[in-house]
2 protein chains.
Amino acid sequence: MNSAEPTAAPDRRRLPPQERRRQIVEGAVAFFADVGLEGNTRDLAGRLGVTQSLLFNYFASKSDLLEAVYEHVYLNRLSDDWPTLLTDERQTIRERVLTFYDAYSQLIFQYEWMRIFMFSGLAGAALNRRYLDHLGKVILAPLLKQMQAAATGPDVPQMEDLWNLHGGIVYIGIRQHIYQVPCPDDPSEAITRAVDRFLTAFALGDPNE
Amino acid sequence: MNSAEPTAAPDRRRLPPQERRRQIVEGAVAFFADVGLEGNTRDLAGRLGVTQSLLFNYFASKSDLLEAVYEHVYLNRLSDDWPTLLTDERQTIRERVLTFYDAYSQLIFQYEWMRIFMFSGLAGAALNRRYLDHLGKVILAPLLKQMQAAATGPDVPQMEDLWNLHGGIVYIGIRQHIYQVPCPDDPSEAITRAVDRFLTAFALGDPNE
DNA sequence: AACCTTATTGATCATACGATCAGCAAATGG
DNA sequence: CCATTTGCTGATCGTATGATCAATAAGGTT
């Protein structure tokens with residue numbers, strides 16, 4: 001008990017710039033996810049255990065730092081493999097949709113992503129609109145085409161139906177990370193049931209196959 | 001052209017306190033819905049065409065004003081009639097659910113509500129959790145009971161299924177007012193289709209009856 | 001061990017923001 | 001038309017925040 005903070009944060013200073021930058025960005029992601037994009041730089045620096053001025057050594061302005069945060073969070077959130085997965089006709093539509101949403105939910109049902117996506121959406125960021133546009137074009141539209149071709153029921157799915165399926169699933173993550181109300185630890189069962197209801201309604205696949 | 005703002009806003013000062021207060025609260029609702037709960041009082045005053053100091057004549061602090069905003073937005077958002085509507089066995093479950101969600105969506109798919117609910121949710125407001133808890137207990141739980149009693153299919157709906165139905169519907173409003181991406185002008189068709197898919201999956205009602 | 005590079009700091013500036021208050025002027029009553 | 005009340009304003013205070021910069025010291029090199 002000779003110093004205030006003995007070993008926990010051994011104030012290791014003078015990191016290699018690349019590593020320090022990474023540390024700042026990751027800390028900023030966690031920080032802004034907690035308090036919102038208007039969180040101040042002093043509090044962020046405090047969390048990181050560095051001085052506020054150091055941040056401006058790595059980023060010319062706060063908005064530059066936020067750009068890096070966006071990039072870090074948005075990068076590779078939509079895998080390039082999914083369009084091919086979703087149109088791989090060697091699997092049933094049900095298998096493909098379930099595989100996709102299990103993977104996708106694991107990827108987006110995360111505190112940082114959910115909250116920063118929502119914060120930036122509320123701020124009117126063009127990034128969100130581009131993301132959702134991309135999601136619609138690259139994931140939902142091809143999937144819709146597959147479903148429309150395969151549908152055997154009296155009714156055929158529309159794009160808006162797919163957004164409804166999608167929204168119902170995403171809403172689990174919203175409840176968990178935005179509203180922070182009780183919700184299932186493992187969403188996969190709820191997802192499976194939602195997908196099966198959807199496919200059954202369009203006679204697109206038997207849950208028991 | 002003798003004065004800067006001739007007639008448009010005839011700077012009618014000295015309103016009756018009650019009316020001024022109402023004007024401030026309604027302006028604050030619109031303002032904070034736009035810019036977020038951290039919007040500053042000077043900008044709000046500018047929108048209202050009054051001085052910043054006037055706000056503090058009606059509210060002791062900014063957080064007091066926000067309390068009034070919450071109250072104004074949350075008040076009577078969940079009608080007391082709905083529980084009875086949803087359990088009124090003179091109508092089919094389909095009629096009841098559709099009537100509810102048509103009314104409910106009209107009530108909540110509004111810019112101010114959607115955004116302030118989301119802003120306050122992100123801020124961790126207890127109000128949101130209470131609202132959702134209330135929604136679950138007063139709306140969804142009774143509805144679930146009705147459905148479970150009436151279900152004739154092999155599977156019976158669970159609470160999480162109802163949250164999924166609910167989330168899929170609410171997501172329309174999120175796309176519209178939070179992300180501000182293209183979505184149907186009139187959500188009632190999408191709602192009807194979502195409800196019918198749900199009921200069909202549990203053999204709870206024929207869409208054509 | 002002395003030296004040099006540069007990552008990091010502490011002090012500081014300009015502005016933004018919430019909040020206060022004495023004084024002004026608009027409405028009301030006489 | 002004057003007096004009184006009080007809704008409203010303008011100026012101001014203290015602090016918070018983004019941003020700057022000279023000074024410092026950590027870590028590698030010789």
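Numbers restart at 1 for each chain; the letters A, B, ... are given by sequence-line order, proteins then strands.
- A donor-acceptor contact under 3.5 Å is formed by the side chain of A/Arg14 with the base of C/dT6.
- Of the two residues near DNA chain C, B/Thr41 and B/Asn57, the one whose nearest nucleotide lies more 5' is B/Thr41.
- Nucleotide C/dT28 holds its P atom 11 Å from the CG atom of B/Leu15, rounded to whole Å.
- For the 3.5 Å distance criterion, the side chains of B/Arg20 and B/Gln23 qualify, holding a donor opposite an acceptor.
- As rounded to whole Å, 16 Å separates atom P of C/dT8 from atom CZ of A/Phe56.
- One interatomic measurement links the two molecules: CD of A/Gln23 to P of C/dA7, which rounds to 14 Å at whole-angstrom precision.
- Each of A/Ser53 and B/Ser53 was matched to the nucleotide of DNA chain D holding its nearest heavy atom; the match closer to the 5' end belongs to B/Ser53.
- Counting to the nearest Å, the C1' atom of C/dA14 and the CD atom of A/Gln52 are 13 Å from each other.
- Residue A/Arg20 places at least one side-chain N or O under 4.0 Å from the OP1 or OP2 atom of C/dT8.
- With sequence neighbours excluded, the residues forming a salt bridge (Lys or Arg N to Asp or Glu O under 4.0 Å) with A/Asp88 are A/Arg90, listed by chain and number.
- Distances shown here put every side-chain N or O of A/Tyr58 at or beyond 4.0 Å from the OP1 or OP2 atom of C/dA7.
- Distances shorter than 4.0 Å separate some side-chain N or O of B/Arg13 from OP1 or OP2 on C/dA26.
- For the residue pair B/Tyr70 / B/Asn128, no side-chain donor-acceptor distance below 3.5 Å is found, with atom types taken as modelled.
- Whole-Å rounding puts the A/Asn40 CG to C/dA16 C1' distance at 13 Å.
- In this structure, B/Leu44 places its CG atom 12 Å from P of C/dC17, rounding to the nearest Å.
- No side-chain donor-acceptor contact under 3.5 Å links A/Asp64 and A/Tyr58.
- Nucleotide C/dC17 holds its P atom 20 Å from the CZ atom of B/Phe59, rounded to whole Å.
- A side-chain donor-acceptor contact under 3.5 Å links B/Arg197 and A/Asn164.
- In the set D/dG7, C/dT8, D/dT17, the nucleotide with an atom closest to the side chain of A/Arg42 is D/dT17.
- Distance, B/Leu54 CG to C/dC24 P: 18 Å, rounded to whole Å.
- Within the 4.0 angstrom heavy-atom criterion, no nucleotide atom of any strand lies near A/Pro16.
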